[in-house]
Structures are given as structure tokens and as C-alpha cells.
Amino acid sequence: MEKKVLYSAVQPSGNLTIGNYTGAIRNWVKLQNEYECYYAIANMHAITVRQEPAELRRRTVELLALYIACGVDPAHCTLYVQSQVPQHAELTWVLNTMTYVGEMERMTQFKDKSAKHAENINMGLMDYPVLMAADILLYQTDIVPVGVDQRQHLEIARDIAVRFNNRYGETFRVPEAYTLKEGAKIASLQEPTKKMSKSDENPNASVYLSDDRDTILRKFRRAVTDSDNRIVAAEDKPGVTNLLNIYSAFSGCTVAEAEKQFEGKGYGDFKLAVGETVADVLAPVQAEQKRLLADKAYLNQVLREGAERAYKAARKMLSKVYRKIGFYQGE
Ligand code: TYM
């Protein structure tokens, strides 16, 4: 039986956080044998906010090394850089003609980013979800593992697919989001009602995948909790709940098991245990990433082969779309 298709991507912008790991990359590894997987480095999405060219280039390769260091296997998955497969931009154009400005204006991330980058509300920022829809729909994707913050974009991708199919006949497979409960929504350590983000200005708010052990322990020590000293997940305890979620995602136990484990303990011990657990998981990933980055020839080969495979699939799909909409492709 043919395997179902899985698609996901991360932007090579800013330092990746533990949220990117638990919400996305970690789940990719779990699913890679069960599905035919495409994992992209979304550099076309990244330029919707200003990027320093040399840094963007460096982060692209670092992100590839990170995927592999986390356990994504290039022998079984297609790893590639989005801009190396031109069909992403081409399909975006077609899908743009069936997406409404009002829908894009209502996207939460567009509103947040417009407020944050008021001096640069460019067309790409607004069009970002359509490019993401093109990414997903080009490969006849069945599932898309993403964190909670990307679910709204996935809904739009589904709407666009259905709209296209209704107008031109069955063409695109309608993708499903795949979100694990633990780790799908990691919050800021300083403002636990906000998501942990690559671009937070407060360096204590986010734990980066590149942080060393001391930094990780320090950030968790400073994490905001509350004054009642009970280690339980509850709506009125967002800080403690977030730490429990992080612990659960990194240790593999459930939140209920974690609550039991820390019953009667103080916040100091709890935060130290969370920090140590995270640091223990990240240390081998960091070492492996470093080793891989010293082997650029290997990384370049992975990207070349990935781009070739992705290109083949994408070209076939785009040609089908062009046929459906009446673009002349020779007789
Ligand atoms: P990006 O680069 O912002 O984030 C990459 C992945 O990490 C997840 N994530 C989180 N999960 C849990 N807690 C958090 N605090 C947290 N922060 C981020 C995100 O949900 C995402 O899964 N537009 C996408 C990249 C993209 C894409 C795609 C994803 C481009 N094309 C096609 C899926 C399919 C983005 O900006 O993710």
C-alpha cells in the first residue's frame, strides 16, 4: 500500500526555540517511517520580515543540520530548501487568485506581525498563508504536523483546496493538521499567556535549541510561576502549567504523572528538574548539529537530492493544476 504523505516546514529566521522542537520537529521524527515525508526549510516565508542575507544563508544550513541532528533521516525523507523548488511560487500565484484579501487580513499572525513590523507591512506578509497552502498542496499532503499557532493557516489551506476542487474538479487532497497534546503550545517563560517565540525581545522568555546547559538552567530558574507553591496544571496557573507541559514533552511522561512526581516539592526543585531534563535532551542534539556543520559537502548533497525529489513531485502537480485552469502547455 502506498504511504500517506506528510509535509512540514520551519522558517530559518531567528533562533529556534524548544517550542519549535516539541511542536514540530520532534513529531516529524516519530512519524517519518509511517509516512512519505517532505520537510522544507521555508526561506521564502522568512523574507516576509527583513533578513540579513549572510545570516539567512547560514541559518538555512544550520536548520538542515538541526533537522538531521534531531533524528530526521535524509535517506527516508525529502529535505529541501523551499526556494530551490520554483513551483512553490508558481502555485502561490494561482492560489492567490482564489483567496480573498479579507480572509488574509483576518489571520491572527498577520495582525500580530503587522503590529510588530508596522514599518514593513509588505504584500508577502499578507500572502504568507497562501504560500504555505501552496507548499502543502503541491505534494498531495495528507497530514501536516504543526504547533497550535499554525492551525489557522492550515484551515485556510484546506479552504483553498476545497474551493479549487469545487471550481475545477477533484485536484488537491485536503490536508489534516496533526498536533500532539504535549508540547503543541509552549508558552513564554516570562509571560506564560503568550507563545514562546523565536523573536521575543526578552532573552529570558524563550529557551533556544542552541542554549548551553547553564543558560537553560538559569532561564528556567527565572521562569514566572505564582505564589501558591502547588505544582498542578490549572487555568489560573499558566506559568506552572507551561513548565509541566515542557517537562512532559521532554521527559515523555504525562502531565498527570509529572504532577504526582513533584507533589510536595518546592518550585525551586521543580524548575531545576525541568531545566535539567531539557538540557539533557538538547546536549546530544547540539553536539550532532555541530559535527554535521563541519561536513558541508554532505549537507549540500542532502539538499541537492532533496530539491531534485521535491521538484519532480511538484512539477507533476503544477502541470495538473495548469491543465485544470486552462494554461496552455503545448498540445
Ligand atoms: P515557524 O517557523 O514559526 O515554526 C515552526 C514550527 O514550530 C511550531 N511552533 C511551536 N509549537 C509549540 N509551541 C510554540 N511556542 C511554538 N512556536 C512555533 C509551529 O507551529 C511550527 O509547526 N509558516 C510556518 C512554516 C511553514 C510550514 C509550511 C509549516 C511554511 N510552510 C507548510 C507547515 C506546512 C512557520 O512559520 O513556522
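Just so you know, these numbers use all the heavy atoms, side chains as well, and skip hydrogens, waters and symmetry mates. Whatever order the structure lists them in is the order used to number ligands and atoms, beginning at 1.
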Visitor: Can you pull the salt bridge (charged side-chain N to carboxylate O under 4.0 Å, His left out) pairs that have at least one residue in residues 187-202, sequence neighbours excluded?
Guide: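 Qualifying pairs, neighbours excluded: D149-K195, E191-K194, K194-D200.
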Visitor: With respect to D142, which candidate in K3, R173, K4 satisfies the side-chain hydrogen bond (donor to acceptor under 3.5 Å, both in side chains) definition?
Guide: R173
Visitor: Which of these, I160, T92, D127, sits in a side-chain contact (heavy atoms from CB on, under 4.5 Å) with T99?
Guide: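 Between T99 and the candidates, side-chain contact (heavy atoms from CB on, under 4.5 Å) is satisfied uniquely by I160.
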Visitor: With no hydrogens and no angle check, just 3.5 Å: does a side-chain donor-acceptor pair link Y267 and D226?
Guide: yes
Visitor: Can you name the residues that come within less than 4.0 Å of ligand 1, going by heavy atoms only?
Guide: Y7, S8, A9, V10, Q11, G19, N20, G23, A24, A42, H45, Y128, M132, D135, I136, V144, V146, G147, D149, Q150, G183, A184, K185, I186, M196, K198
Visitor: Considering residues at least two apart in sequence or located in another chain, which fulfil the ring-ring contact (aromatic ring centres under 6.0 Å, His included) criterion with Y35?
Guide: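 Once residues adjacent in sequence are excluded, Y35 has no partner under the ring-ring contact (aromatic ring centres under 6.0 Å, His included) criterion.
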Visitor: Tell me, please, which residues at least two apart from E34 pass salt bridge (charged side-chain N to carboxylate O under 4.0 Å, His left out).
Guide: none
